[in-house]
Protein chains: 2
Amino acid sequence: MKTIDELPERTAEGPVKLSDVASEARVALSTASRALSNPERVNVKTRMRVLAAAARLGYASNVAARSLRSGLSRTILVIMPPWRSRGVLDDAMRGVDAKLMSAGYSMITGSLNEDFTADHRLIDMARGGLVDGILAVANELPAGGPLPVLSARLPAVGLMIDLSAHGIPSVLTNDREAVSALTSQLIAIGRRRLAYLGAPSDNYHDVERFAGFSDSLQKEGLAPTRLEGNFDFASGERAAAGYLALEQRPDAVVCANDDMAIGFMKGVCAAGLRIPEDVAVTGFDGGEFAAYTSPGLTTLRQPAEQMGAASASLLLQLINGEDPPVFQRMIVSAILDERGSTPALGAAKR
Amino acid sequence: MKTIDELPERTAEGPVKLSDVASEARVALSTASRALSNPERVNVKTRMRVLAAAARLGYASNVAARSLRSGLSRTILVIMPPWRSRGVLDDAMRGVDAKLMSAGYSMITGSLNEDFTADHRLIDMARGGLVDGILAVANELPAGGPLPVLSARLPAVGLMIDLSAHGIPSVLTNDREAVSALTSQLIAIGRRRLAYLGAPSDNYHDVERFAGFSDSLQKEGLAPTRLEGNFDFASGERAAAGYLALEQRPDAVVCANDDMAIGFMKGVCAAGLRIPEDVAVTGFDGGEFAAYTSPGLTTLRQPAEQMGAASASLLLQLINGEDPPVFQRMIVSAILDERGSTPALGAAKR
DNA sequence: TTGAAAGCGATACCAT
DNA sequence: ATGGTATCGCTTTCAA
């Protein structure tokens, strides 16, 4: 995986600008400009020199200057209703939005591509001076996600993604601990054959949650079963088929998120099993839907909106150059929302 | 309601800039600048003159110039995973994002406030030259939403909101027609006491959908019942209580969206009614979750992603100054997703 | 084909 | 307290 440090660094003198590229390539400023924006109007040989220089220096054109001069921003303003409460991410964004708004900041949301890499233009924005800071948010991200943009060396914060290894403070849920506690409660009420429904294991949250699950099983000397999904409804439903095919069907299934849990419930209900009598099911996230399945889904709710707000505050703090936070991870506790998909978990000790 | 035309217009000479304000207020450029950004460092009297002039001219500071000079953009780049398929809006945004991306455009998403008014900064962005066009998207918006920003007189398109009355081309679903057809089908299978679960009636979609519902009832000489909600789950559940209290309970309930339908189903199921035997329920939107309730929810699905992409194309077309579209509304047909919450609707003629 | 120079609009320093 | 002016980084004529 390409790490930040392999990418060209900004010099101590600040962002590299077109004039730097020009002198590096030993051409005039205007020629450098043309080489980049109207390549066909420049001698091939010179063009290559410029391009090479730009690459070597890690040049990113300053978006503000460009749009000021050209009168074109290549940017669209999308106006939407306030963030709706759907899924953790939206909840989180609501918190982010509110906080940034009240601090007088705007937000450019750049989605990653389907393969979770950052688009080229995102990187330009990050390094081209149009933004003051970066908030990387992700809950279902494989490792190696938005890193290239972080090479902008701008103040940055991770939300629901652990970037602390890169020196970027991150706001996270206590996935491992919370799942472990929940698992222990399931054991405490007598469940003995427990399964975990997870996702491809390069996902931070899956790793953590599965670890929490395993921790508790090991403590009791129980053996874990693992089912595979990919965080969406359909994969949960497919996993149900796998579950039904087991000779010794687990009597409790801990899912890595709500969506899979909901799909899973549909699958096993359709087969005539009773929830929670035959199998207890739990989710993770605490989306609004969880209260509207039948039975309702017991889940670990992430206080997403607060986490969003916290991450935004943190970022603003970094931008304003106040004393950097003493922590690298801000861990927020998930909250257990108990519903019909599990028997009463009672006062099982945490 | 404040309409576009009451707002200050840009002069034919283009956006008003600080120098215009300065001369209008009969002060130096630098003084005008200070009056706006460091008010306390300017004599009250002069300050008022400047502020008045700015207001009179409808001045909006050029964001590009400001951030170029000050080195501060007051903008945060938020990096997110690809749009997820939740709710219509997200689906729609996925289409928008893909289209804009491939055309080399970036997106600034500005949420409206909780009261559905545009934030002051949104308006600045729109009028301050940082964006080339505006896409207003909304499905649950009361009338009078994002209009002020549209005063920027930039190319604009409405998505799931009808702004055609303001000369802004809009991409819409055939709400009225689709609901009417569905209602007729319910009548065709023998339902006679039909209710509509709607939302505050200044909402475009609610108005259209209710009209479609009423159309079909009138055709058969049936009387409509109307229940009130506000588009969210909880309001659907509350509406169920109202429904249960009716002496003559309707045997079919057409809901203005999926969320209310889902909440409503939960409410009536909890009371022991059977769906669809005792009461058939339908939704609108076709979110992913509709397939995971029990029973599954019959709903009119909006092809949101395609609509999003279409609206983005349209906007780009306007920006590029190609021949403006000959239509003011692009109407897309909703698709009936038939599930367990209604008896087989069969081949009822449309 | 390349280079020099004139702005784009706003800010902030330095005078007054 | 106010006014003049250099400057931010880049694009774009206009000459050479």
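Protein chains get the first letters and strands the later ones, always in sequence-line order, with residue 1 at the start of each.
For the helix from dT1(C)-dA16(D) to dT16(C)-dA1(D), the axis fitted to the five pairs at one end and the axis fitted to the five pairs at the other end meet at an angle of 40° (nearest 10 degrees).
Residue Tyr59(A) has no polar side-chain atom (N or O) positioned under 4.0 Å from OP1 or OP2 of dG9(D). Listed pair Ser33(B) / dA10(C) fails the phosphate criterion, with no side-chain N or O lying under 4.0 Å from OP1 or OP2. Regarding contacts with the backbone of dA4(C), every side-chain N or O of Ser30(A) stays at 4.0 angstrom or more from both OP1 and OP2. Taking only side-chain nitrogens and oxygens, Thr46(A) comes nearer than 4.0 Å to OP1 or OP2 of dT2(C).
The distance between atom CG of Leu72(A) and atom P of dC10(D), rounded to the nearest whole Å, is 17 Å. The separation between Asp20(B) atom CG and dC8(C) atom P is 12 Å, rounded to whole Å. One can place CG of Leu68(A) at 13 Å from P of dC8(D), the figure rounded to the nearest angstrom. dG4(D) atom P lies 14 Å from atom CG of Leu18(B), rounded to whole Å. Rounded to an integer number of Å, the gap from CZ of Arg74(A) to C1' of dT11(D) is 15 Å. Leu29(A) places its CG atom 17 Å from the C1' atom of dA15(D), with the value rounded to the nearest Å. Spacing between atom CD of Glu40(B) and atom P of dT2(D) amounts to 13 Å, rounded to whole angstrom units. Protein atom CZ of Arg47(A) is 14 Å distant from nucleotide atom C1' of dT2(C), rounded to whole Å.
Among the atoms of the strands shown, none is found under 4.0 Å from any heavy atom of Ser37(A). Contacts of Ser67(B) with the nucleic acid, taken as non-hydrogen atoms under 4.0 Å apart, are absent.
Taking OG of Ser164(A) as the reference point, atom NE2 of His166(A) lies at 8.5 Å (rounded to 0.5 Å).
If you find the closest nucleotide of DNA chain C to Arg26(A) and to Lys17(B), the one lying nearer the 5' end belongs to Arg26(A).
For Ala28(B), whose side chain is taken as the heavy atoms from C-beta onward, the closest listed nucleotide among dG3(D), dT2(D), dC10(D) is dG3(D). With dA10(C), dT12(D), dG3(C) as the candidates, the nucleotide lying closest to the side chain of Asn62(B) is dA10(C). For Ala65(B), taking side-chain heavy atoms from C-beta onward, the closest of the listed nucleotides dA10(C), dT2(D), dC10(D) is dA10(C).
Contact annotation: side chain of Arg34(B) to base of dT2(D), donor-acceptor pair present below 3.5 Å. In terms of polar N and O atoms assigned as donor or acceptor, the side chain of Arg69(B) comes within less than 3.5 Å of the base of dT7(D) in a complementary pairing.
What you find for Val21(B) and Ala53(B) is that their closest heavy atoms are O-CB, 3.9 Å.
Using a 4.5 Å heavy-atom cutoff, the side chains of Pro169(B) and Leu318(B) are in contact.
Using a cut-off of 4.0 Å between Lys/Arg side-chain N and Asp/Glu carboxylate O, Asp91(B) and Arg94(B) are scored as salt-bridged.
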Which pairs would a plain distance check flag for residues 23-36 of chain B, meaning a side-chain donor or acceptor within less than 3.5 Å of a matching protein atom at least two apart in sequence or in another chain?
| unit_1 | atom_1 | unit_2 | atom_2 | d |
| --- | --- | --- | --- | --- |
| Ser23(B) | OG | Ser19(B) | O | 3.1 |
| Ser23(B) | OG | Asp20(B) | O | 3.1 |
| Glu24(B) | OE2 | Arg56(B) | NH1 | 2.3 |

